[in-house]
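Contents: one structure, followed by commentary.
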Amino acid sequence: MAESSGVEGTGISAETADDVLDEQGAVQLVYLPESADILVGLRVRDRIKWTGLLLRGVFVALWGALWLLSSVGRGRIDVVSTVVFLFVVLLVWGYPRIQTAHVRRMVGWQGEYRATVSPAGITCRNDHSTLVQKWSFFQGYRETAGHFVLLSRDPGIMFLDVLPKRCVRDAAALDRLRTILDQHATRV
């Protein structure tokens, strides 16, 4: 059996992974992913990929119209249809939170994340894995009040990198991070 000195399963040599980590001017973030971080990432994705928001809005509007028509048709408000309508509203409102809880369960057990952002790309390490991503992987990023959210290039935006600003050491490192992102990814 042949031995590989690279990052397992990626086809990237150890030198390449180390180059991404050791580049001059890299910004390092160390953090435990929180539910709020994940929710911000999902909300940014929903705003970029607006079809999900549109479909949820249409779904609630149709249920609202059905409830209103049934109430007007009967001349009174039916308790069962009101409870069903409120359940639908609650489900649509809670859907991003359900997704957040699911993602949190998937990443929470992996422990502390150590992300390095450099001109070559982003490297995320934890106790169980190392993920090296070149800038060509991302369609762009969006800055929020407390996060930088990087969005994958695939049509469904199935992959997000959420970089919490609270994990950057100082204002100079935050400016360096913003500069690296502006140079290698577009704001979306």
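Numbers here are sequence positions counted from 1.
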Would you say [X]'s side chain and [Y]'s backbone share a donor-acceptor pair under 3.5 angstrom?
X	Y	value
Arg142	Arg187	no
Arg97	Trp93	yes
Lys165	Glu143	no
Asp175	Ala172	no
Lys49	Gly156	yes

If you compare all heavy atoms of [X] against all heavy atoms of [Y], which two are closest, and at what distance to 0.1 Å?
X	Y	answer
Ala115	Tyr31	CB-CE2, 4.3 Å
Pro96	Leu42	O-CD1, 3.9 Å
Met158	Ser152	N-OG, 3.6 Å
Ala173	Val27	O-CG2, 3.7 Å
Gly41	Val162	CA-CG2, 3.8 Å
Ala185	Gly140	CB-CA, 4.3 Å

Spacing of [atom1] belonging to [X] relative to [atom2] belonging to [Y], to within rounding of 0.5 Å:
X	Y	atom1	atom2	result
His147	Arg43	NE2	CZ	11.0 Å
Gln110	Asp127	CD	CG	9.0 Å
Cys167	Arg114	SG	CZ	13.0 Å
Arg125	Thr123	CZ	OG1	6.5 Å
Phe87	Thr82	CZ	OG1	15.0 Å
Asp37	Leu163	CG	CG	9.5 Å

*Around atom CZ of Arg153, are there more than 12 heavy atoms of other residues, nucleotides or ligands at under 6.0 Å?*
yes
*asked:* Counting neighbours of NE2 on His102 that are heavy atoms of other residues, nucleotides or ligands and sit closer than 6.0 Å, is the number greater than 12?
replied: no
Evaluate the side-chain proximity of [Y] to [X]: yes if any heavy-atom separation is below 4.5 Å, no if none is.
X	Y	answer
Leu86	Leu90	no
Gln139	Ile157	yes
Pro119	His184	yes
Gln183	Trp135	no

*asked:* Run the side chain to side chain contact (heavy atoms under 4.5 Å, CB included) test on Thr144 and Val44 for me, step by step, so that the C-alpha distance in whole Å, both residues' side-chain angles and the decisive distance to 0.1 Å come before the verdict.
replied: CA-CA 9 Å; Thr144 67; Val44 166; 3.8 Å; yes
*Can Leu151 and Phe138 be said to form a side chain to side chain contact (heavy atoms under 4.5 Å, CB included), step by step?*
CA-CA 6 Å; Leu151 305 139; Phe138 299 104; 6.0 Å; no
*Classify the ring geometry between Trp63 and Phe59 as parallel (under 30°), tilted (30 to 60°) or perpendicular (over 60°).*
perpendicular
*asked:* Students often mix this up, so state it plainly: with edges at 30° and 60°, are the rings of Phe137 and Phe159 parallel, tilted or perpendicular?
replied: perpendicular
Hydrophobic clusters here meaning ILVMFWY residues chained together by side-chain heavy-atom distances under 4.5 Å, can you tell me if [X] and [Y] are in one?
X	Y	result
Leu39	Val103	no
Val40	Leu32	no
Val117	Val30	no
Ile48	Val149	yes
Ile38	Tyr95	no

_Leu160/Arg45 under side chain to side chain contact (heavy atoms under 4.5 Å, CB included): CA gap, chis, key distance, verdict_ = CA-CA 8 Å; Leu160 303 170; Arg45 183 184 70 177; 4.1 Å; yes
*Sequence neighbours excluded, which residues qualify as ring pair (Phe, Tyr, Trp, His ring centres under 6.0 Å) partners of Tyr141?*
none
*So does Glu34 pair up with Arg166, basic N to acidic O under 4.0 Å?*
yes
*Is Asp78 salt-bridged to Arg74, going by a charged N under 4.0 Å from an acidic O?*
yes
*Would you please name every residue forming a side-chain contact (heavy atoms from CB on, under 4.5 Å) with Asp46, sequence neighbours left out?*
Leu53, Arg56
*asked:* One pair to check against side chain to side chain contact (heavy atoms under 4.5 Å, CB included): Ile122 and Lys134. What are the steps and the verdict?
replied: CA-CA 7 Å; Ile122 299 175; Lys134 294 181 178 181; over 6 Å; no
